[in-house]
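In listed order, ligands and their atoms are each counted from 1.
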Amino acid sequence: MTTPEVQQAIKPCTILFQLHRTLVEIPSVTLYELEVGQVLEAHLTSRGLTVDRQQVSEDRFNLLAYKGAVNETRVLLVSHIDTDGYQIYGRGSVDDKASVVAQTFAFLELLDTLGEGSVSILFDVGEEAGGAGINYIEANIDYHWDTVIFGEPTELKLGVGHKGVYGGSLKVNGLAAHSGYPELGIDANGILIDILSNLRGIEWPSDELLGNTTLNVGVIEGGAAANVISANSSAQLLFRVTNGIDLIDALVQDAIDRTGHSDRVEFTGTHKLPPVYFDYDVEGFESIVLAYGTDAFGLAKKQIPHKLLYGPGTIHVAHSATEHISTDDLLEAVQGYKSLIKWALEQ
Ligand SMILES: *[C@@H]1O[C@H](CO)[C@@H](O)[C@H](O)[C@H]1NC(C)=O
Ligand SMILES: *[C@@H]1O[C@H](CO)[C@@H](O)[C@H](O)[C@H]1NC(C)=O
Ligand SMILES: *[C@@H]1O[C@H](CO)[C@@H](O)[C@H](O)[C@H]1NC(C)=O
């Protein structure tokens, strides 16, 4: 039997599911977020919010929506509107459009009770590849939020923290020779294999809360032909770091030195982002440790007293062809965000 309360609830739910469907149906792989941005802008404007565009580059903008005229608020909700990879049915349904929609509805449902300057919502571009949108905020917007609530799939739990990342590349310069006369060459592939083997034996710094630092060797290249001693080789490394990010260079160097070919090897580290910790002790919420990065990296230099990470869905299906979200989770996330906004306003 459908009670009046349930009927009352059905209409907003329908609008919520419709918005989610609309957003998922619009492809918004990184760099092509324009249309999704326009749809959200129209939706938020139609609900009476002030919406500012932050032009990150031509055809790409973040949206910041707030009540009235005060753009700097105590609490900020953030999620990203780009998705990873190409449009497959459901792509982005979790990461991150479920959070986008749930944050939007939580904000709209609380709107009448909120004063100007209390809450705003930011939808940014480029999170899946380099963080262009959030980096724009870090560089250009000097607001002092008390609390930022990041929306990412956390299975409706509060993220305790997430690992940092450290990427780097190894390059080995060898010397080509006929494979029948290996003593005349310097085998770049062989040296690389030894280094990688040494790396696999290393126990990387770990952290009680965030667990082990892990290393992925995602790309290996090298050599020219089976009958030629390889003249060069390379590997791309990506560490998911829980602790001791500044110790990694020395550990990698040690793995290189142990091959006896340090003079032939170059390790170049890039994007080094330490782990991020969040507030997770909020009544009524379980907590979860996460291994993926978020927009919180981009705001690392800002002093934000409280950071929360929360959202519907699981990262385990995100970025895949089976990405999906349950309607119950979407509805629960709206309630979750409402509770977190209220918690944040009480801090
Ligand atoms: C925020 O509002 C203030 C006051 O109206 C204004 O001076 C400022 O330019 C606005 N900031 C942005 C990023 O639009
Ligand atoms: C973390 O590393 C330790 C030591 O190598 C290992 O025993 C443990 O199983 C690892 N934990 C996880 C969750 O992989
Ligand atoms: C090896 O060197 C050649 C010639 O400079 C270059 O074309 C090739 O991309 C290099 N391969 C690797 C794996 O670095």
Which residue in the set V101, T45, L23, I26 passes side chain to side chain contact (heavy atoms under 4.5 Å, CB included) when paired with L40? L23
Can you confirm whether some protein heavy atom lies under 4.0 Å from atom 14 (O) of ligand 1, or whether none does? yes
Return the closest protein heavy atom for atom 8 (C) of ligand 2 as residue, atom name and distance. N212 ND2, 3.7 Å
Side chains of E152 and H80, donor plus acceptor under 3.5 Å: yes
Protein non-hydrogen atom below 4.0 angstrom of atom 11 (N) of ligand 1 present: yes
Paired with N62, the side chain to side chain contact (heavy atoms under 4.5 Å, CB included) test is passed by just one of Q54, E33, Q55, R53, namely Q54
Lys/Arg N to Asp/Glu carboxylate O, D295 vs K307, below 4.0 Å: no
Using a 4.0 Å cut-off to any heavy atom of I141, which atoms of ligand 1 qualify? 13 (C)
Can you confirm whether something in the protein, heavy atoms only, sits under 4.0 Å from atom 2 (O) of ligand 2? yes
Quick look: Y143 vs ligand 1, heavy-atom contacts under 4.0 Å, and the answer is side chain
Give me the one residue out of D249, T270, D246 that meets side-chain hydrogen bond (donor to acceptor under 3.5 Å, both in side chains) with Y166. D249
Kindly give the heavy-atom pair with the smallest separation between Q103 and F150, and that separation in Å. NE2-C, 4.1 Å
Measuring from atom 6 (C) of ligand 1, which candidate in N71, I137, L64, D142 has the nearest non-hydrogen atom? N71
